[in-house]
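Note that the structure is a prediction, hence the values are computed from the model and not measured. Throughout, a chain's letter reflects where its sequence line sits, starting with A, and its residues are numbered from 1.
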Amino acid sequence: MRAHEPIRAALADAAARLGAPVAAPDIELERPRDPAHGDVATNLALTLAKALKAKPRVVAERLIAALELPQGLVRKIDVAGPGFINFFLAEAELAGVLETVLAAGDRYGRGDAGQSKPVNVEFVSANPTGPLHVGHGRQAALGDAIASLLDWTGWRVTREFYYNDGGAQIMQLALSVQARIGELRGRPAAVPEGGYHGEYVWEIAERYLAAYPDDPEGADLDHVRRFAVQELRKEQDADLQALGVKFDVYFLESSLYTSSKVEKTLGRLVAAGHTYERDGALWLKTTDFGDDKDRVMRKRAEKGGEYTYFLPDVAYHVDKWERGFARAINVQGADHHSTVTRVRIGLRALEMGIPAGYPEYVLHQMVTVMKGGAEMKLSKRAGSYMTVRELVDEVGRDAVRYFFLMRRGDSHLVFDVDLAKSQTEENPVFYVQMAHARLSGIFRVAGRAPETASPNGVNPAALDEPEELLLLKQLADFPSLVAGAATALEPHRVTGYLEGLARIVHAWYHKYRVLGEPEEAARLVLARAVRQVLANGLTLLGVSAPDRM
RNA sequence: GCGCCAGUAGCUCAGCUGGAUAGAGCGUCGGCCUCCGGAGCCGAAGGUCCCGCGUUCGAAUCGCGGCUGGCGCACCA
């Protein structure tokens with residue numbers, strides 16, 4: 001809210017006059033939940049009470065007495081409760097947000113906290129061993145929205161997808177496809193233990209035979225592997241496209257080997273003195289950094305003598321660091337949380353100045369899909385788990401994205417398919433989109449574009465109904481809401497905000513008319529601004545803002 | 001056994017980084033359609049914020065100890 005800065009500055013001056021200087025940015029201002037507590041409130045008197053050796057309410061009175069605010073900003077100041085100072089803004093000041101919103105348009109809510117510094121957001125990172133499941137879907141929605149929040153707050157964002165294209169799991173996939181090829185040729189089933197049994201394996205086998213009739217037995221395992229990976233990459237891309245998620249960088253684990261970054265990382269760890277050999281394996285002494293046991297980096301010869309996933313993981317993050325990313329954020333399922341400390345320790349053990357909290361992690365819990373009161377678990381195509389494509393086909397992209405973003409990442413998410421499909425107020429995404437569509441409807445009926453509703457010459461005092469004041473305040477909150485959600489890496493705050501805004505919209509719409517009323521001009525401006533903010537919030541989340549439904 | 005995460009209304013969940021009388025949706029009960037979309041709105045009932053101790057002006061929020069549930073604890077990724 002633009003009134004915040006002058007109020008903050010005046011409070012800082014007043015505090016200095018009382019002999020308790022406080023830096024203006026450290027003064028907390030909030031919007032009270034209860035309108036009776038004004039438009040802006042501060043707890044400054046409570047925090048200064050101890051230093052000034054006086055009761056908070058007394059401090060509050062003295063602060064107010066020493067306060068010099070610009071004319072016309074505030075119409076009333078109260079001391080309430082234990083010592084809160086409540087400011088009631090002049091109505092013209094509240095309505096000022098309309099001009100701010102309309103001037104900024106689809107950029108309203110953006111900020112520059114990130115100062116254009118580069119940040120890497122890695123998410124999904126599914127290995128190409130099968131279609132994306134609903135957990136990947138949650139991660140895609142979450143990662144994309146977090147990237148978007150960072151973009152909105154002034155960071156230069158790279159969306160990145162990392163995948164393992166050569167590990168043991170990929171080998172299992174190749175063997176599984178090879179086995180199905182054999183079966184298609186009339187040999188008995190021989191899918192290896194730990195192999196993949198989904199129907200998509202059959203499909204790949206069929207496509208392989210169609211593409212390479214000269215290798216009817218799939219004898220060239222390496223060739224089968226490359227084909228299978230390529231097919232599944234295509235499939236996963238289509239899944240992501242169905243969700244509307246785009247990546248800037250696809251990073252292959254194999255490139256870390258071909259560029260010898262794995263070797264270099266290993267060399268640096270050895271040089272830093274945190275490694276040792278035991279039982280023929282090479283270990284990193286992660287216990288030096290608080291881990292509960294040391295970790296193997298290179299298996300002993302009898303186990304194949306290869307590197308474990310741990311070393312390339314560290315090399316990968318060194319690469320991110322060297323690409324200049326001030327921050328790296330990894331969105332992962334909580335079942336991978338054990339990698340968090342390990343990767344960070346690996347980076348610290350390199351002693352190359354990478355901070356202890358690098359990379360940052362956003363871990364999310366599992367997804368349960370419910371339909372008709374029962375859990376949906378089985379998917380014919382994938383063999384066991386429900387795929388994200390099946391979900392998108394069932395309820396649509398907007399609902400999938402919105403539902404995955406509704407909850408905090410660290411709570412289990414129950415995806416109610418019936419709710420996501422319902423076209424009623426119970427469905428939050430529908431409810432929010434409906435608010436946008438209704439406002440659009442007003443302009444449609446009026447026969448004019450929203451952009452023609454100009455705040456020039458409109459009397460802001462015409463917007464004095466309680467719902468209208470609430471709308472103005474809610475609009476004013478949007479930029480700080482976005483900033484807070486970005487700092488916390490919590491997109492669900494945006495869905496909560498939008499539902500709150502939509503609720504006021506529906507109440508307002510139901511209670512007052514716009515067209516043909518004396519307040520028409522002012523209400524059209526309000527409608528345009530609210531519609532803009534709803535659209536900005538939905539867009540930020542990757543959800544559409546339809547004009548009619 | 002150790003680590004991470006969660007525990008808030010009958011159900012699903014918020015609670016803005018420690019603030020005022022703990023909120024919303026669903027469900028239940030009761031109202032509202034000559035009017036820009038009733039695909040909606042308004043109201044009521046509903047709470048030991050898992051338990052205990054602590055930190056301070058002030059705790060759902062922070063600390064410690066329990067209890068319950070989920071997920072991890074590989075020379076798999």
Side-chain angles (χ1 to χ4, degrees), chain A residues 28 30-34 36-37 41 43 46-47 49-50 55-56 80-84 86 125 127 129 163-164 167-170 172 194 253 278-283 292-293 295-310 312-313 333-341 363-366 370 406-414 416 419 422-428 430-431 434-435 437-446 477 480-481 483-485 487-488 490 492-493 495-497 499-500 503 506-517 520 523 527 548-549:
Chain A
E28 283 181 47
E30 60 167 18
R31 188 182 126 205
R33 192 176 291 276
D34 184 346
H37 293 146
N43 63 353
L46 289 102
T47 60
K50 187 171 274 182
K55 291 187 174 170
F84 290 98
N86 295 332
S125 293
N127 284 339
T129 54
Y163 69 97
N164 173 315
Q169 293 185 356
I170 304 291
Q172 288 295 326
E253 184 190 11
R278 194 181 72 203
D279 307 333
L282 185 65
W283 299 70
D292 50 358
K293 55 183 129 175
R295 306 292 169 176
V296 170
M297 293 191 298
R298 193 179 57 218
K299 307 178 199 175
R300 64 171 195 264
E302 301 89 89
K303 292 261 190 179
E306 303 137 355
Y307 298 123
T308 63
Y309 73 95
F310 170 49
D313 256 13
D335 54 339
H336 286 82
H337 76 249
S338 60
T339 67
V340 173
T341 40
L363 302 180
H364 65 86
Q365 298 288 335
M366 304 289 104
M370 300 290 288
M406 268 193 316
R407 307 295 183 217
R408 299 174 34 178
D410 46 19
S411 68
H412 288 244
L413 188 144
V414 177
D416 183 337
L419 179 62
S422 85
Q423 305 275 297
T424 68
E425 49 158 334
E426 304 157 26
N427 180 352
F430 182 84
Y431 187 80
M434 183 63 196
R438 282 189 134 170
L439 295 173
S440 303
I442 297 175
F443 291 97
R444 191 164 53 242
V445 170
D477 280 346
S480 62
L481 180 280
T487 304
E490 292 183 348
H492 77 274
R493 295 193 193 186
T495 62
Y497 170 88
E499 284 160 42
R503 192 170 307 120
H506 288 304
W508 173 77
Y509 180 91
H510 184 260
K511 200 161 164 187
Y512 311 103
R513 287 187 55 82
V514 174
L515 303 179
E517 300 294 311
E520 175 175 313
R523 287 185 177 160
R548 61 199 316 166
M549 307 182 66

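- Partners of A:P56 by side-chain contact (heavy atoms from CB on, under 4.5 Å), not counting sequence neighbours, listed by chain and number: A:L46, A:A49.
- Applying the side chain to side chain donor-acceptor pair (under 3.5 Å) criterion to A:E517, with sequence neighbours excluded, gives no partner residue.
- Remark: B:U56 base-pairs with no nucleotide in the shown strands. Criterion, Watson-Crick or G-U wobble with two distances under 3.5 Å.
- In this structure, B:A9 forms no base pair with any nucleotide, since neither Watson-Crick nor G-U wobble geometry is met with both distances under 3.5 Å.
- Applying the side chain to side chain donor-acceptor pair (under 3.5 Å) rule to A:R438 yields the partners A:H506; only residues at least two apart in sequence or on another chain are considered.
- In this entry the distance linking NZ of A:K50 with P of B:U55 reads 12 Å, nearest Å.
- The CG-P distance, from A:L413 to B:C13, rounds to 7 Å in whole Å.
- B:G47 makes up no base pair with any nucleotide shown, lacking Watson-Crick or G-U wobble contacts both under 3.5 Å.
- Separating the C1' atom of B:U17 from that of B:A77 is a span of 34 Å, rounded to the nearest Å.
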Report all interatomic pairs (protein N or O, nucleotide N or O of nucleotides 1-3 of chain B) with separations under 3.5 Å.
residue	atom	partner	partner atom	Å
B:G3	N2	A:H337	NE2	2.7

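- In this entry B:A20 has no Watson-Crick or G-U wobble partner, no candidate having both defining distances under 3.5 Å.
- Across B:C36, B:A77, B:G15, the shortest atom-to-atom separation from the side chain of A:R408 is found for B:G15.
- One can place CD of A:Q172 at 13 Å from P of B:C76, the figure rounded to the nearest angstrom.
- Between A:R438 and the phosphate of B:G38, there is a side-chain N or O to OP1/OP2 separation shorter than 4.0 Å.
- Regarding contacts with the backbone of B:A74, every side-chain N or O of A:S338 stays at 4.0 angstrom or more from both OP1 and OP2.
- Atom P of nucleotide B:C75 and atom CG of A:D313 are separated by 15 Å, given to the nearest angstrom.
- Computed from coordinates, the A:I170 CD1 to B:C76 P distance equals 16 Å when rounded to whole Å.
- Taking the side chain of A:Y509 as heavy atoms from C-beta on, and the options B:C76, B:C36, B:C41, the nearest nucleotide is B:C36.
- Within the 4.0 Å cut-off from OP1 or OP2 of B:C32, not a single side-chain nitrogen or oxygen of A:K511 is found.
- Rounded to whole angstrom, the span from the NE2 atom of A:H510 across to the P atom of B:C32 amounts to 12 Å.
- For A:V414, taking side-chain heavy atoms from C-beta onward, the closest of the listed nucleotides B:C41, B:A77, B:U12 is B:U12.
- Taking the side chain to side chain donor-acceptor pair (under 3.5 Å) definition, one finds that A:T341 meets it with nothing, sequence neighbours left out.
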Q) Reading nucleotides 16-26 of chain B from the 5' end, what letters show protein touch, with B for base, S for backbone sugar-phosphate only, - for no heavy atom under 4.0 Å? A) SB-BB---S-S
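- The side chain to side chain donor-acceptor pair (under 3.5 Å) test applied to A:K511 returns A:E467, not counting sequence neighbours.
- The salt bridge (Lys or Arg N to Asp or Glu O under 4.0 Å) search around A:D410 returns A:R408, not counting sequence neighbours.
- OP1 or OP2 of B:C41 has not a single side-chain nitrogen or oxygen of A:Y512 nearer than 4.0 Å.
- Taking atom NE2 of A:H412 as the reference point, atom C1' of B:C13 lies 14 Å away to the nearest angstrom.
- Comparing B:G38, B:C76, B:C13 against the side chain of A:Q169 picks out B:C76 as the nearest.
- The base of B:C13 is not paired with the side chain of A:R407 by any donor and acceptor separated by under 3.5 Å.
- Here A:Y497 pairs with A:F478 under the ring-ring contact (aromatic ring centres under 6.0 Å, His included) rule; sequence neighbours left out.
- Looking at residues two or more places apart in sequence or on another chain, you find a salt bridge (Lys or Arg N to Asp or Glu O under 4.0 Å) between A:D477 and A:R31.
- Contacts of A:R407 classified as salt bridge (Lys or Arg N to Asp or Glu O under 4.0 Å), with partners at least two apart in sequence or in another chain: none.
- If you check B:G1 for Watson-Crick or wobble pairing at under 3.5 angstrom, you find it paired to B:C73.
- Here the nucleotide nearest the side chain of A:D335, chosen from B:C13, B:A74, B:G72, is B:G72.
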Sort me out a list of protein N/O and nucleotides 58-65 of chain B N/O pairs below 3.5 Å, or just none if empty.
none

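- At whole-Å resolution of the value, NE2 in A:H364 and P in B:A6 are 15 Å apart.
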